[in-house]
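This report concerns only the one structure given below.
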Amino acid sequence: GEFDQESRNDFFTAYLLIQLLHESFHFIFRLKKINALTTDENTNSPLSKKILESYQEIGVDLILYIFGTEYILFISKNNCDLICNINSWKDSKIDTGISVLEAGTGKILAISPGRHRADGKSVWNNATDINRQPGSTAKPLFDYGPGIEFNNWSTGKKFVDAPYSYSNGTPIHNWDNGYYGTMTLRRALSLSRNIPALKAFQQLDKQKVIKFVQSLGIEPEIDANGQIHEAHAIGAFTGVNPVQMSGAYAAFANGGYYNEPYSVREIEFRSTGKKEIHKSTKNKVMSDATAYMIADVLQDVVLNGGGTPKNVGVKTGTTNFDDATKKAYKLPGDAIRDSWCIAFSTKTVIALWYGYDGISNKYVSHNLQASIAKDKLMLALINSGAMESNRSAWKKPSSVVKIGNELYKKGYEPEEPEITTLSAPGNFRVSYNNGVASLSWSKVSRLKENFGAGNIHLTLQEIADIDKKLAGMKFEVFGGNHIK
């Protein structure tokens, strides 16, 4: 029907309210209130400069485009520039999607839809629209979080990082193709070892895992029998976006509560003065012990390019291309598809995705290079004010007991501290041939477990580099075949 200008404003206000509050399709940057909405007469063009200036005058960082009955929301270009200019980008195509969330409420504090998304030419939002595999950022959600919650694991629970396969016989590897032998849950998660993650996942009741992740806003791949496949253990499933991941990790930050992320706090109808105010629903999804123990472990993670700031938990993740895709697109061996980094304090969660929109052998992420770049971007975000600077330490709840360096749920701590002894390695030999130094040793016994003989081959330059970087530090031997 026909609408006068005032009725049109109320119509679009109501439409926007329904879409945002009930479906949460798109999100905006620090939106306090929408007082009135006005559209261009030409529905095929962006808002006029005059209208945009009027929004900026009332302090709403918002660009609103309406095409017919569809709407698209973006952050203002100035805020996009804040994200775009804090990092040296690899090339013109590399992109990112970022969500900054208030941990205690689910309120979206900031968002970046991508490097080139606020120009009026693209409707795609990398923070809300992508559906990418989360890689190792899934490990606290699918493996260790449920293990602590339902199986009462401690951070000192032992896993063996050794050659292993999925239940169907397919081998699983760590990112470095190496093995660390017996290690604690703390080390397995903070060092992001894939094999212990799979072993952890296999020990869990999968129905409990499904309910756990769904309560955090994550949807796994559930088959016709109501089961999820084992690759969920390392984040190889349908996919997520940064807003979902920031919402899920907020539960680790705030003591175990999930709040669905939201962007609009209040909408006022101009013609009636009626206000619609968003009300968060706070759902208890895990014990305070589980939340605290995961947050404590993830503070041990170290980011490239500056380490991890104090009182910040971090989890990174990487996803790979399968062999068929690498062959079809002629991709290099170290090509990766996605890089993730989730950082959180007691108050704020930042979820960052880094990668390319498509697949190309011209524009491709290399594992180490991308890992360093996304870590530096996360550190820049934290240090530039996306996270509060006066961060508080997490307070240990009464449901957690600390013994040595490890944490236990109250009532599940060991009666006596575990004492681990190692026998000395035998037949240690060093040989040199054609510029390569080879180190080898015989089996090392640890309690009742035996680890195989080890062999390491290093060039003289590699030895010199290691000696320079680690001078004065104590070397540890893991599994008899890896020196760290």
Side-chain angles (χ1 to χ4, degrees), residues 133-148 150-151 153-206 208-210 213 220-221 223 227-237 294 297 300-301 315-324 326 333-334 336 367 418 420 422 425 440-457 476-484:
Q133 294 183 357
S136 291
T137 59
K139 291 173 181 175
L141 306 174
F142 284 85
D143 309 327
Y144 302 112
I148 295 172
F150 304 118
N151 291 18
W153 293 347
S154 73
T155 61
K157 178 178 170 60
K158 300 297 192 299
F159 295 93
V160 179
D161 185 17
Y164 198 65
S165 298
Y166 289 99
S167 295
N168 64 6
T170 302
I172 180 174
H173 303 284
N174 293 307
W175 68 271
D176 58 358
N177 291 313
Y179 310 100
Y180 282 12
T182 297
M183 61 198 319
T184 62
L185 182 155
R186 178 180 294 277
R187 288 184 59 80
L189 177 54
S190 63
L191 296 177
S192 202
R193 309 302 288 174
N194 288 341
I195 291 168
L198 174 59
K199 290 181 176 180
F201 180 83
Q202 290 176 333
Q203 296 178 40
L204 301 171
D205 181 329
K206 305 308 180 294
K208 290 182 179 179
V209 173
I210 291 173
V213 297
E221 293 178 12
D223 64 23
Q227 298 297 318
I228 54 177
H229 56 76
E230 291 182 341
H232 283 80
I234 57 173
F237 66 96
I294 291 293
V297 170
D300 291 350
V301 176
K315 188 69 194 80
T316 61
T318 301
T319 70
N320 303 312
F321 293 104
D322 57 37
D323 292 338
K326 285 185 176 181
D334 66 342
I336 63 171
N367 196 343
E418 295 183 28
T420 301
L422 285 172
S440 63
W441 59 93
S442 59
K443 292 183 178 180
V444 177
S445 297
R446 180 176 179 175
L447 298 178
K448 297 181 179 180
E449 301 175 60
N450 291 319
F451 301 98
N455 293 281
I456 293 179
H457 306 284
E476 297 178 276
V477 180
F478 297 96
N481 62 0
H482 183 86
I483 287 183
K484 184 185 179 187

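What you see below is based on every heavy atom in this structure, not just the backbone, and it leaves out hydrogens, waters and symmetry mates. The structure presented is a predicted model; accordingly, all values stated were derived computationally and were not measured.
The main-chain N or O of N194 is never found under 3.5 Å from a side-chain atom of Y164 such that the two would form a donor-acceptor pair. Of the possible donor and acceptor atoms, one in the side chain of D176 sits under 3.5 Å from a partner among the backbone N and O of G178. In this structure a side-chain-to-backbone donor-acceptor pair under 3.5 Å is present from N174 to I195.
In this structure D334 satisfies the salt bridge (charged side-chain N to carboxylate O under 4.0 Å, His left out) test with no other residue, sequence neighbours excluded. With sequence neighbours excluded, no residue satisfies side chain to side chain donor-acceptor pair (under 3.5 Å) with T137. Partners of E230 under the side chain to side chain donor-acceptor pair (under 3.5 Å) rule, at least two apart in sequence or in another chain, are S167, Q202. Listed by chain and number, the residues in a salt bridge (charged side-chain N to carboxylate O under 4.0 Å, His left out) with D161 are R193 (sequence neighbours excluded). Partners of S136 by side chain to side chain donor-acceptor pair (under 3.5 Å), not counting sequence neighbours, listed by chain and number: K139, S192. Annotation: side chain to side chain contact (heavy atoms under 4.5 Å, CB included) contacts of N168 (sequence neighbours excluded): Y166, T170.
Pairing each heavy atom of Y144 with each of A188, the nearest pair is OH-CB, 3.7 Å. Considering all non-hydrogen atoms of both residues, P134 and G235 come closest at CD-O, 3.1 Å. Minimum interatomic distance between V213 and L141 (heavy atoms only, all atoms of both residues): CG1-O, 3.4 Å. Here the shortest heavy-atom pairing between D143 and A233 reads OD2-O, 2.5 Å. Residues S190 and D300 approach most closely at CB-CB, 3.8 Å, considering heavy atoms. Nearest heavy atom pair, residue A162 against residue Y179, reads C-CD2, 3.5 Å.
Cation-pi check for K206 over F201 is met; the charged atom lies under 6.0 angstrom from the ring centroid and within 45 degrees of its normal.
The shortest side-chain heavy-atom distance between W153 and L185 falls under the 4.5 Å cut-off. Under the 4.5 Å side-chain criterion, counting only non-hydrogen atoms from C-beta, K199 is in contact with V160. For the pair T319 and I336, the minimum side-chain heavy-atom distance is 4.5 Å or more. The shortest distance between side-chain heavy atoms of P146 and F150 falls below 4.5 Å. Contact check for I228 versus V209: side-chain heavy atoms found under the 4.5 Å cut-off. Using a 4.5 Å heavy-atom threshold, the side chains of F159 and Y180 count as separate. By the 4.5 Å heavy-atom criterion applied to side chains, F142 and P220 are counted as neighbours.
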Discussion item. I294 vs T155, test: side-chain contact (heavy atoms from CB on, under 4.5 Å). Steps then yes/no.
Written reply: CA-CA 8 Å; I294 291 293; T155 61; over 6 Å; no

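Side-chain contact of H232 with E221: a donor-acceptor pair under 3.5 Å is absent, judged by distance alone.
To the nearest 0.5 angstrom, H173 atom NE2 is 11.5 Å from N320 atom CG. Note that CZ of R186 is 11.5 Å distant from CG of L191, once rounded to the nearest 0.5 Å. Interatomic distance, D205 CG to I210 CD1, rounded to the nearest 0.5 Å: 9.0 Å.
More than 12 non-hydrogen atoms from other residues, nucleotides or ligands lie less than 6.0 angstrom from CG of D223.
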